[in-house]
Structure formats: structure tokens, C-alpha cells
Number of protein chains: 2
Amino acid sequence: MIQPRPRSIPEATVARLAVYLRVLTSFADGGRTTVSSGDLASATGVNPAGLRKDLSHLGSCGVRGVGYDVRALRERIARVLGAERSRACVLVGLGNLGSALADYAGFGSRGFEFVGLLDAAPERVGQRIGGLTVQDVADLEAVVAATQASIGVIATPADVAQQVCDRLAAAGVRSILNFAPVTLSAPAGVDVRHVDLSVELQVLAFLGQQRVPVGEASA
Amino acid sequence: MIQPRPRSIPEATVARLAVYLRVLTSFADGGRTTVSSGDLASATGVNPAGLRKDLSHLGSCGVRGVGYDVRALRERIARVLGAERSRACVLVGLGNLGSALADYAGFGSRGFEFVGLLDAAPERVGQRIGGLTVQDVADLEAVVAATQASIGVIATPADVAQQVCDRLAAAGVRSILNFAPVTLSAPAGVDVRHVDLSVELQVLAFLGQQRVPVGEASA
DNA sequence: GCTTGTGAACACATTCACAGCC
DNA sequence: GGCTGTGAATGTGTTCACAAGC
């Protein structure tokens, strides 16, 4: 009666599911009711067969010869990703990037709710951003305890990111998303993911210079 | 006499090289002169053997029994990534996120220079951000032509991102980094990369809910 | 006939283990 | 002895091709 592995979805698939979810939502808003793997694949920039394989991980519910029901598929993906129930996040660091994140509509619509904004600068404490009032980072532990936040987002300068990470972990936050340009270490059981905004740019630039090896034209 | 593939570095390696570059720079700033693969690996959160394999792609110059020379390695990586010469970028969309990007020090220190900031909102045009004056997006083509920008960064709302992308591509920009939450399409020869800030958060949340399948404690 | 779902083949990436060198 | 560099083994992810089903 024990399912072998009820939900073991490859990480690469999870990332793409989030993208499918976004596109399906816009399709649903546009009044579309069904979609084929080919259409959805081209709208998300992936291979159709890969898309079907991704969907097969969630015990897919497409109809052969027809396609997928947009609403049903969207709900199923949302359920698997846990995007239907709201998750409480605290955000530390409200400089330019942090403020952008606090205001970013994409989070709220995908089940992430900021329940605490924290900053160390006195002039930022008390400001209202994205419907919340910025609190003093000294109260981090109290805010986490009061809000039961399960996710922490770090958008501080690099030199304080590690100590913020330590405090979040100690306060019981088990998932941390780091935007500061440092590699963080955290105790076992705490999941840290790092988003480096300039890495993508650097990869892009590298591919660009690859493409045209400057003066190596075939003439 | 034709080299088979002079420089074909796996994309995953390129992304990590950018991280090594950042850490090596901070090591160099701290006065460190040599580093072993183990040290650098733990500072960047990767496997030591993988790190050595990454470095081997650039015809590595470590010394057995000793390690790598920090400065030499940093320069070699910078050269391979093309991070030594400055690359001109235009940024379109100066809302919260765009402003954060324009101000982000991480770009400048890695060879990316914003040479144009463009926005459609009249109240933003003329503002100074990160040392530049915001220009009207109507002048996009002129700005690209005047600055010879090779990279475009899109941080606009989703609904105008595609048309900005089209105009950038038509103006001759061959590398585009998209922060808007839409999948963009571009003509062949134009490289588009998409950074979705909430995808990482969604993966993190998924892993978190995986970890503790709520009420399935082994007691 | 059209589209899904999936095993099998392939390509890519990571890790291991050790030979080569200082 | 210590650390790099790398082939070999493993694991992961992607693509193909086609059978199954509407």
C-alpha cells in the first residue's frame, strides 16, 4: 500500500512546471480551454516531448488526440508545486533589489506572501513598501516567530548576508533564497539557493563572443 | 590545421567560472596568493574534482602539490569569459527591478557597462540612475546605434517585453537578457536568456514541502 | 488522424579514483 | 606528502520514435 515514490520530480522539471503554470494562467485568462503539448511547448520555449515527459511526472491527465484541459492542468501543477496555498516569506534587505522583490507581483500570484520586511538602515525602517511596513532587522527573530515564516529571502549587501542567513536558520527558517553575491553556508536541513543576477549575463556574453569569434569571418 | 573546437566550454562550467571569478577576486583583495581546488571549491559550494575539471577546460595552470596562483587564475578566467574588456549594455525598463539592475555594482565589476537606460514613462525620463540619465524608449534604436551596445537587458512589464525584444533585435543587439515574466521569441542569431525571479523561489518551496511531507513524521 | 504517454537511445554533467608531478 | 589533471563510471536530463488511445 506504500506508493514507491509518490512524488519524486526532477528538479529541472519542477523549474519548468513553474513556467508552464505562468503560461497556462495567461492562456486561461485569455479564455483558452484546451492546449496541445506542441502549443504549450512553443509558448514556453521547450521541446514538446520533454514537456509531455514533465507532465507525465504528475500522473498526467491529457486526452489523446485532443490535448490538455487548460484549467485542470493549471490546477494540477499548482497543487504539485504547492502554489495553491499561500506561503509566508520574510525579506531581509530593502535596497533597490529588495524593494523590487517586495513589489514584484509575480510572487503574490504564485502563492508567496511577504509577511515581514526587514532592514538595518534607520531611514528605511518605517517605510511602507508593497503594502508592508519595513521593520528593524534587530527584530528578525521576533518577526519570524510571530509570522511563522517558512521562507527567507536575502537581498542585503554581501558582507552581512552570512550573518542574516545564520539568524534566519537559527530562527527556524528552513528555506533561504539568496540574492547577495556571496556563497552562503547553512546547517544541514536548511536549504539555500543562490540567484546571481550577473551570472546569466556573463553566460550570455560568453555565448555571444563564442558566436562571432571576432575577425574569424569565413572570407 | 583547423583546431577541432578551440574553445567549447560546457555552459554549466561557464556559469561556475563566473562564480569562481567573484571568489578569486575577493581572495585577491584579501591578499591571498595561492589557493587549492579544495579551498576554492568549499568557498564556492562545489565539488573539488568538478572544480578541477572546470578549470581543465581552460588549459589549466595549477601547480601540483601547491595549488593555483590566485591572480593568474583570476586573469585567465576573466580572459576566457571576456570579462576583461568592457561590454556595452542597454537596459530597458526602469521600474523597481530595472533601477536595481542599473545600480547593481556586480555588473560593472564584471565588465558590463550600462551605456543606455530607457523607459517609456515620461516621469522617469530625465532621472539620473547609477550615473546615467534615463532616456525615452522611443530613442532605443538611436541609442543602440550611437553606443554600439551588444547586450540588451529587458526589465519592462510583461506586456511590452516582446516588442522591446523585437526592436532590440532589429537594432542589431544580438544578446538579450530578459527579466520580464514572459517567454520571448527572437530571430535566429539572437540569443535570449530568461531570468525568472520567482522560479527559484518556487523550486525552493517545492523542495521544502518535499522535505517534510507534513504530518508524515516517522513516529 | 491527431495527440498523449513512455521506453529506449542519446547527450550532458557530476563524481570517483588514481596516475603524474611538484 | 600533497595537489593537480583526467579517464572511467555513474547519474541526470533530454531527445527520439512509436505504441496506445481518443
Side-chain angles (χ1 to χ4, degrees), chain A residues 4-5 7-20 24 27 32-74 76-77 80 183 194 199 203 206-207 210, chain B residues 4-5 7-20 24 27 32-74 76-77 80 199 203 206-207 210:
Chain A
R5 270 181 302 163
R7 40 192 121 164
S8 71
I9 301 179
E11 196 171 305
T13 294
V14 172
R16 282 188 298 263
L17 286 176
V19 179
Y20 305 153
L24 285 169
F27 277 1
R32 191 158 179 178
T33 58
T34 61
V35 67
S36 70
S37 65
D39 292 347
L40 188 53
S42 73
T44 52
V46 304
N47 179 298
L51 183 140
R52 292 199 298 274
K53 177 146 286 190
D54 285 341
L55 297 185
S56 74
H57 286 287
L58 22 112
S60 196
C61 54
V63 181
R64 292 167 198 240
V66 180
Y68 301 88
D69 181 81
V70 170
R71 285 238 301 274
L73 184 56
R74 181 181 53 148
R76 180 169 291 223
I77 293 176
V80 168
T183 307
H194 184 194
V199 164
V203 172
F206 177 79
L207 296 175
Q210 282 283 83
Chain B
R5 270 181 301 163
R7 40 191 122 160
S8 72
I9 301 179
E11 195 171 307
T13 293
V14 173
R16 282 189 299 263
L17 287 176
V19 178
Y20 305 152
L24 284 170
F27 278 2
R32 191 157 178 179
T33 57
T34 61
V35 66
S36 70
S37 65
D39 292 347
L40 188 52
S42 73
T44 53
V46 304
N47 180 297
L51 184 141
R52 292 198 298 275
K53 178 146 287 192
D54 284 341
L55 296 185
S56 75
H57 286 286
L58 23 111
S60 197
C61 55
V63 181
R64 294 166 198 239
V66 180
Y68 302 89
D69 181 81
V70 170
R71 284 239 302 273
L73 184 56
R74 182 180 53 146
R76 180 168 290 224
I77 293 177
V80 169
V199 163
V203 173
F206 177 79
L207 296 176
Q210 283 281 83

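In what follows, chains are A, B, ... by sequence order, proteins preceding strands, each numbered from 1.
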Given atom [atom1] of [X] and atom [atom2] of [N], what is their separation to the nearest angstrom?
X      : N       : atom1 : atom2 : value
I9(A)  : dT14(D) : CD1   : P     : 14 Å
H57(B) : dG5(D)  : NE2   : P     : 12 Å
L58(B) : dT6(D)  : CG    : C1'   : 15 Å
E11(B) : dG13(D) : CD    : P     : 16 Å
L55(B) : dT6(D)  : CG    : C1'   : 13 Å

Residues forming a side-chain contact (heavy atoms from CB on, under 4.5 Å) with [X], sequence neighbours excluded:
X      : result
T44(B) : V19(B), Y20(B), V23(B), L40(B), V46(B), L51(B)
V80(B) : F206(A), I9(B), L58(B)
N47(B) : A49(B)

inquiry  = Suppose we call a contact any N or O donor and acceptor under 3.5 Å apart; does that hold for the side chain of K53(A) and the base of dT15(D)?
reply    = yes
Check nucleotides 19-22 of chain D for protein N or O atoms closer than 3.5 Å to its own N or O atoms and list the pairs.
from	atom 1	to	atom 2	distance (Å)
dA20(D)	N3	R64(A)	NH1	2.6

ask   = Which heavy-atom pair separates S8(A) from H57(A) by the least distance, and what is that distance?
value = O-ND1, 4.5 Å
remark   = Note: for R52(A) and A12(A) on DNA chain D, the residue whose nearest nucleotide lies more 5' is A12(A)
request  = Without swapping roles, check the side chain of R76(B) against the backbone of G59(B) for a donor-acceptor pair under 3.5 Å.
outcome  = yes
Phosphate OP1/OP2 of dT4(D): any S37(B) side-chain N/O under 4.0 Å = yes
request  = Taking only heavy atoms on the protein side, list every residue of residues 42-51 of chain B lying under 4.0 Å from any atom of DNA chain C, sorted numerically.
outcome  = N47(B), A49(B), G50(B)
task = Not counting sequence neighbours, list each pair that qualifies as a salt bridge (charged side-chain N to carboxylate O under 4.0 Å, His left out) and has a residue in residues 34-45 of chain A.
result = R32(A)-D39(A)
query = Tell me, which pairs form a salt bridge (charged side-chain N to carboxylate O under 4.0 Å, His left out) where one or both residues lie in residues 44-58 of chain A, sequence neighbours left out?
reply = R16(A)-D54(A)
key: Leading and trailing nucleotides of DNA chain C with any atom under 4.0 Å from heavy atoms of chain B   = dA13(C) to dC22(C)
Quiz: residues 63-71 of chain A side-chain donor-acceptor pairs under 3.5 angstrom, not counting sequence neighbours:
from	atom 1	to	atom 2	distance (Å)
D69(A)	OD2	R71(A)	N	3.4
D69(A)	OD2	A72(A)	N	2.9

key: Heavy-atom side-chain contact between L55(B) and L17(B) under 4.5 Å   = yes
task = Give the angle between the helix axes at the two ends of the helix from dG1(C)-dC22(D) to dC22(C)-dG1(D), taking five base pairs at each end and rounding to 10°.
result = 0°
